[in-house]
Amino acid sequence: MPKQGHFAKSIRTKQLNDFKVKRNATGAIIDDEQLTDFLVVRFALTAKKRVQSGAQETVQRFLIEICDSLQEDNGDLQVIIPNLLMSLNARVPWQFYPAILEEWDLLQKFLQKELPAVPLKKRLRIRRIVTTQEMETLIAKLLVRKITAITFIKQPGADQNRKDQMATMMLTTIYHEQTIEWDKVRLLLAPFKFEIAPDLDEETKGWLKKLAEK
């Protein structure tokens, strides 16, 4: 199973084609560790075509990360999403966020509909949702964290009060009337090149590089 926050390689076509459920006397049941594969297949069959073509890989990778936490956190997106976004914040360029925010309603509705139908021994459902507005607020605060951290990266001894003041100022700058102003985010982060982790597979590196160039 992919390690949360590290973006495993997208599920390959062969894996999707070879996906099987285990048959037993009670009907079609899948093992717990097959949940992510099962949902990604369902997403590809039912919802992926409604995602903007340029965002499909990003949204699918985000779905994989969410799915890997569904059993551990009992389908509670109010727990999964904040923790996941925080773990990914240093590993993705800012362009990741508008892509997933734009498609969040579709992705969450997919999970609400499809998760209860997954033939696990112990069935799951989405217990608490994250509204699109809550998602936007979470992302705005994470972007501020990213901007502040990068700004002070060469000042390890900087006073925490200075950092807090800057974070407050940045939030009011990029987040106006509960809407992220992406042009300002781009402007603030433009001087800082996004660094791709060297231990990632080549496919993931290529995806991140392409994303960071948007």
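Please read these numbers as outputs of a predicted model, since none were measured by experiment. This chain uses plain numbering: 1 for the first residue, then up along the sequence.
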Undergrad: Go through T131 and E136 one step at a time and tell me if the side chain to side chain contact (heavy atoms under 4.5 Å, CB included) criterion holds.
TA: CA-CA 9 Å; T131 68; E136 189 145 4; over 6 Å; no

Undergrad: So how far is it from F96 CZ to L85 CG, rounded to the nearest 0.5 Å?
TA: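 Between F96 CZ and L85 CG, I get 7.0 Å after rounding to 0.5 Å.
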
Undergrad: Check for a donor-acceptor pair, side chain of E114 on one end and backbone N or O of L39 on the other, with a separation under 3.5 Å.
TA: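 Judged by distance alone, no pair lies under 3.5 Å.
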
Undergrad: Can you confirm whether the side chains of N161 and Q165 place a donor and an acceptor under 3.5 Å from each other?
TA: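 On atom types as modelled, these side chains do not qualify, holding no pair under 3.5 Å.
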
Undergrad: For the residue pair I66 and L107, establish whether any side-chain heavy-atom pair is separated by less than 4.5 Å.
TA: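 Yes, close enough: below the 4.5 Å cut-off.
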
Undergrad: With a 4.0 Å cut-off on N to O distance, would you call E65 and R61 a salt bridge?
TA: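 Here E65 does not pair with R61 in a salt bridge, since their nearest N and O are not under 4.0 Å apart.
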
Undergrad: Looking only at heavy atoms, which two atoms of L106 and A47 are closest? And how far apart?
TA: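 L106 and A47 have their closest heavy atoms at CD2-CB, 4.0 Å.
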
Undergrad: For T137, does its backbone N or O pair with a side-chain atom of Q178 as donor and acceptor, under 3.5 Å?
TA: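 Side chain of Q178 to backbone of T137: no pair is present.
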
Undergrad: Would you say the side-chain atoms of W207 and T58 include a donor-acceptor pair closer than 3.5 Å?
TA: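 Side-chain D/A pair, W207 to T58: present.
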
Undergrad: Any side-chain heavy atom of I126 within less than 4.5 Å of one from D76?
TA: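 Not in contact.
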
Undergrad: Tell me, yes or no, whether the heavy-atom count around K109 atom NZ, taken from other residues, nucleotides or ligands under 6.0 Å, exceeds 12.
TA: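 Open.
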
Undergrad: So, does K214 use its side chain to make a donor-acceptor pair with the main chain of G54 at under 3.5 Å?
TA: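 Here the side-chain-to-backbone pair exists.
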
Undergrad: Apply side chain to side chain contact (heavy atoms under 4.5 Å, CB included) to residues M170 and M166 and explain how you reach the verdict.
TA: CA-CA 6 Å; M170 285 296 104; M166 182 176 177; 4.1 Å; yes

Undergrad: Check for a donor-acceptor pair, side chain of W104 on one end and backbone N or O of V130 on the other, with a separation under 3.5 Å.
TA: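 The answer is yes, because a donor-acceptor pair under 3.5 Å joins these two groups.
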
Undergrad: Taking the side chain as every heavy atom from C-beta outward, state whether F62 and L84 have any atom pair closer than 4.5 Å.
TA: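 A side-chain contact under 4.5 Å exists here.
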
Undergrad: Donor-acceptor check, side chain of K121 to backbone of I29, threshold 3.5 angstrom: yes or no?
TA: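 A pair under 3.5 Å: no.
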
Undergrad: Establish, from distance only, whether the side-chain atoms of D105 and T132 form a donor-acceptor pair under 3.5 Å.
TA: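 No.
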
Undergrad: Any idea which heavy atoms bring H176 and E181 closest together, and the distance?
TA: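 Heavy atoms only, the tightest pair is CB-OE2, 2.9 Å.
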
Undergrad: Show your working on side chain to side chain contact (heavy atoms under 4.5 Å, CB included) between I174 and W182 and close with a plain yes or no.
TA: CA-CA 7 Å; I174 70 166; W182 295 108; over 6 Å; no

Undergrad: Minimum heavy-atom separation for K49 to Q56, with atom names?
TA: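 Result for this residue pair: CA-NE2, 4.1 Å.
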
Undergrad: If you count every heavy atom of other residues, nucleotides or ligands that lies below 6.0 Å from E72 atom CD, does the total exceed 12?
TA: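 No, not enclosed.
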
Undergrad: For residues A99 and V59, report the shortest heavy-atom separation together with the two atoms involved.
TA: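 So the two residues come closest at O-CG2, 4.1 Å.
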
Undergrad: Can you hop from L187 to I150 via hydrophobic side chains spaced under 4.5 Å?
TA: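 No, separate clusters.
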
Undergrad: Do the side chains of L35 and L124 get nearer than 4.5 Å, heavy atoms only?
TA: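 Yes, at least one pair of side-chain atoms sits under 4.5 Å.
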
Undergrad: Which pair of heavy atoms, one from P116 and one from R125, lies closest together, and at what distance?
TA: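 P116 and R125 have their closest heavy atoms at CG-CB, 4.0 Å.
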
Undergrad: Of all the heavy-atom pairs spanning V144 and A167, show the shortest one and how long it is.
TA: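 Smallest heavy-atom distance, with atoms named: CG1-O, 3.3 Å.
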
Undergrad: Would Q95 and F194 count as a side chain to side chain contact (heavy atoms under 4.5 Å, CB included) if you check the C-alpha gap in whole Å, the side-chain angles of each, and the deciding distance to 0.1 Å?
TA: CA-CA 10 Å; Q95 292 91 337; F194 173 67; over 6 Å; no

Undergrad: To the nearest 0.5 angstrom, please state how far the CD1 atom of I139 sits from the CZ atom of R145.
TA: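 Here the interatomic distance stands at 14.0 Å.
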
Undergrad: Just so I know, are the side chains of D68 and I64 near enough to count as touching, which here means a heavy-atom distance under 4.5 Å?
TA: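 Of all side-chain heavy-atom pairs linking I64 with D68, at least one is under 4.5 Å.
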
Undergrad: Check E213 with K210, please: is the shortest side-chain N to carboxylate O separation under 4.0 Å?
TA: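 No.
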
Undergrad: Could you grab the distance from atom CD1 of I81 to atom OG of S69, nearest 0.5 Å is fine?
TA: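 I81 CD1 to S69 OG: 8.5 Å, rounded to 0.5 Å.
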
Undergrad: Is there side-chain contact between R128 and V79, with heavy atoms separated by less than 4.5 Å?
TA: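 Side-chain contact under 4.5 Å: yes.
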
Undergrad: Atom CG in L111, atom SG in C67: separation rounded to 0.5 Å?
TA: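 Result: 6.0 Å between the selected atoms.
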
Undergrad: Answer yes or no: does atom NZ of K163 have more than 12 heavy-atom neighbours from other residues, nucleotides or ligands under 6.0 Å?
TA: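 It does: K163 NZ has more than 12 such atoms within range.
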
Undergrad: If we only count heavy atoms from C-beta on, is the V92 to L211 side-chain gap below 4.5 Å?
TA: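 SC-SC contact between V92 and L211 ruled out.
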
Undergrad: Measure the spacing between CZ of R42 and CZ of F110 and express it to the nearest 0.5 Å.
TA: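 Answer rounded to 0.5 Å: 7.0 Å.
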
Undergrad: Roughly how far, to the nearest 0.5 Å, is OH of Y175 from CD1 of I180?
TA: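 I180 CD1 to Y175 OH: 6.5 Å, rounded to 0.5 Å.
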
Undergrad: Quick one, V185 and Y97 - any side-chain contact, counting heavy atoms below 4.5 Å?
TA: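 Heavy-atom side-chain distance check fails, nothing below 4.5 Å.
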
Undergrad: Does the T204 side chain pair with the main chain of L200, one donor and one acceptor, at a distance under 3.5 Å?
TA: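 No, T204 side chain to L200 backbone: no donor-acceptor pair under 3.5 Å.
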
